[in-house]
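Residue numbers start from 1 in every chain, and the chains themselves are labelled A, B, ... in the order their sequence lines are given, proteins ahead of strands.
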Protein chains: 2
Amino acid sequence: MDQLLRLLMGPWTTYILWVLENQGTLRFGELKRTIPGISSRMLTERLRGLETAQIVFRDYRPTIPPEVRYGLTERGQELGTVLASLNLLAQRWFLEKKLSNH
Amino acid sequence: MDQLLRLLMGPWTTYILWVLENQGTLRFGELKRTIPGISSRMLTERLRGLETAQIVFRDYRPTIPPEVRYGLTERGQELGTVLASLNLLAQRWFLEKKLSNH
DNA sequence: TAAAGTAGGTACTTTAAGGTAACCAATATG
DNA sequence: CATATTGGTTACCTTAAAGTACCTACTTTA
């Protein structure tokens, strides 16, 4: 689990997963444009990590110019549901904080 | 959620939670001895973060020498169940990897 | 003929995180 | 009188991660 958390932790990672879950599979450039401020270098690195963990798939088509699509694998979907429940917790706690600050 | 993940990610953090869940509340020194290799500096820092997020409580008794106990709050318990399901995923994937390496 | 779009790779610099070690107060103990 | 105990704090150094900027090949479009 430590490995898994270590993968998720890096900046951008959960953002990328979030986008892929909501928008479906996207091309590299689309993904980059959807995540303001991320550099190609970071996006590539994160996607490689997620691909290695088989959370994201990479579909490369050697056309000119090349087309590469990224999307969630089955594991990615499973992870999504767990992250959703974690998100639920975080949201509730955040809400409770706001209420107590009142 | 990003904040929450960022808190959990640091080295030692999940280890600390794991120990507190299994062993119950512990003193600073006990905790430190239970987690081989961690420095006081890191342990303090992680505990402060978890305390701020109200995942762990801190019970300070100004005796001499002082006694400080750490344990999981209600939030800590809730988080524990979610982390357990994340752990389950990680374990299953790890097993699948071993099987495919065969 | 120059620019734009495609999916990155590479080199360099900067920043933040983590590790190490020394130090503290106050008392009990030998 | 020196030492150990407790729960840290502080200063310092090192390393790894992230950011910045520029580069590629090939084609289409203006």
Whole-Å distance between C:dA7 P and A:Arg69 CZ?
9 Å
Just call it for B:Ser39: base, sugar-phosphate, or nothing, with non-hydrogen atoms closer than 4.0 Å on any strand.
base
Applying a 4.0 Å non-hydrogen cut-off, can you work out what B:Arg6 is touching in the nucleic acid: base, sugar-phosphate, or nothing?
nothing
From CG of A:Leu43 across to P of D:dA21 the rounded distance in Å is 18 Å
Are more than 12 heavy atoms from other residues, nucleotides or ligands located less than 6.0 Å from atom CH2 of A:Trp12?
yes
So, is A:Arg48 near the phosphate of C:dG8, with a side-chain N or O under 4.0 Å from OP1 or OP2?
yes
Hey, does A:Arg58 reach any base, or is it just sugar-phosphate, or nothing, if we go heavy atoms under 4.0 Å?
sugar-phosphate
Verify, without hydrogens or angle tests, whether A:Arg46 (side chain) and A:Leu8 (backbone) share a donor-acceptor contact under 3.5 angstrom.
no
Residue-phosphate contact under 4.0 Å: A:Arg33 side-chain N/O, C:dT6 OP1/OP2:
yes
So which nucleotide from C:dG19, C:dG5, D:dG7 ends up closest to the side chain of A:Pro65?
C:dG5
If each of B:Thr44 and A:Ser40 is mapped to the nucleotide of DNA chain D with the nearest heavy atom, which maps nearer the 5' terminus, i.e. the 5' end?
B:Thr44
Report the distance from atom CD of A:Glu45 to atom P of C:dA11, rounded to the nearest whole Å.
15 Å
Whole-Å distance between D:dG7 P and B:Ile35 CD1?
14 Å
Stepwise, does the side chain to side chain contact (heavy atoms under 4.5 Å, CB included) test hold for A:Arg61 with A:Arg69?
CA-CA 8 Å; A:Arg61 290 161 200 187; A:Arg69 307 201 140 271; 4.1 Å; yes
Measure from CZ on A:Arg41 to C1' on D:dT20 and round the result to the nearest Å.
9 Å
Counting any heavy atom closer than 4.0 Å, what does A:Arg61 reach on the DNA or RNA strands: base, sugar-phosphate only, or nothing?
nothing
Taking atom C1' of D:dG7 as reference, at what distance in whole Å does atom OH of B:Tyr70 sit?
8 Å
Base paired to D:dA30 (Watson-Crick or G-U; both N/O distances under 3.5 angstrom):
C:dT1
May I ask you to check whether over 12 heavy atoms, not counting those of A:Glu51, lie within 6.0 Å of atom CD?
yes
For B:Arg27, which contact category applies under a 4.0 Å heavy-atom criterion: base, sugar-phosphate, or nothing?
sugar-phosphate
Do the side-chain N or O atoms of A:Tyr60 get closer than 4.0 angstrom to the phosphate oxygens (OP1, OP2) of C:dT6?
no
Would you say a side-chain N or O of A:Trp12 is under 4.0 Å from OP1 or OP2 of D:dA17?
no
Treating B:Thr73 as the side-chain partner and B:Ile55 as the backbone partner, does any N or O pair qualify as donor plus acceptor under 3.5 Å?
yes
Distance in angstrom units between B:Ile38 CD1 and C:dG18 C1', rounded:
11 Å
Among D:dC26, C:dA26, C:dT10, which nucleotide sits nearest the side chain of B:Ile64?
C:dA26
Could you state the atom-to-atom distance from CE of B:Met42 to C1' of C:dG19 in whole Å?
8 Å
Is it the case that the side chain of A:Glu30 and the backbone of A:Arg27 share a donor-acceptor pair, with hydrogens and angles ignored and the cut-off at 3.5 Å?
yes
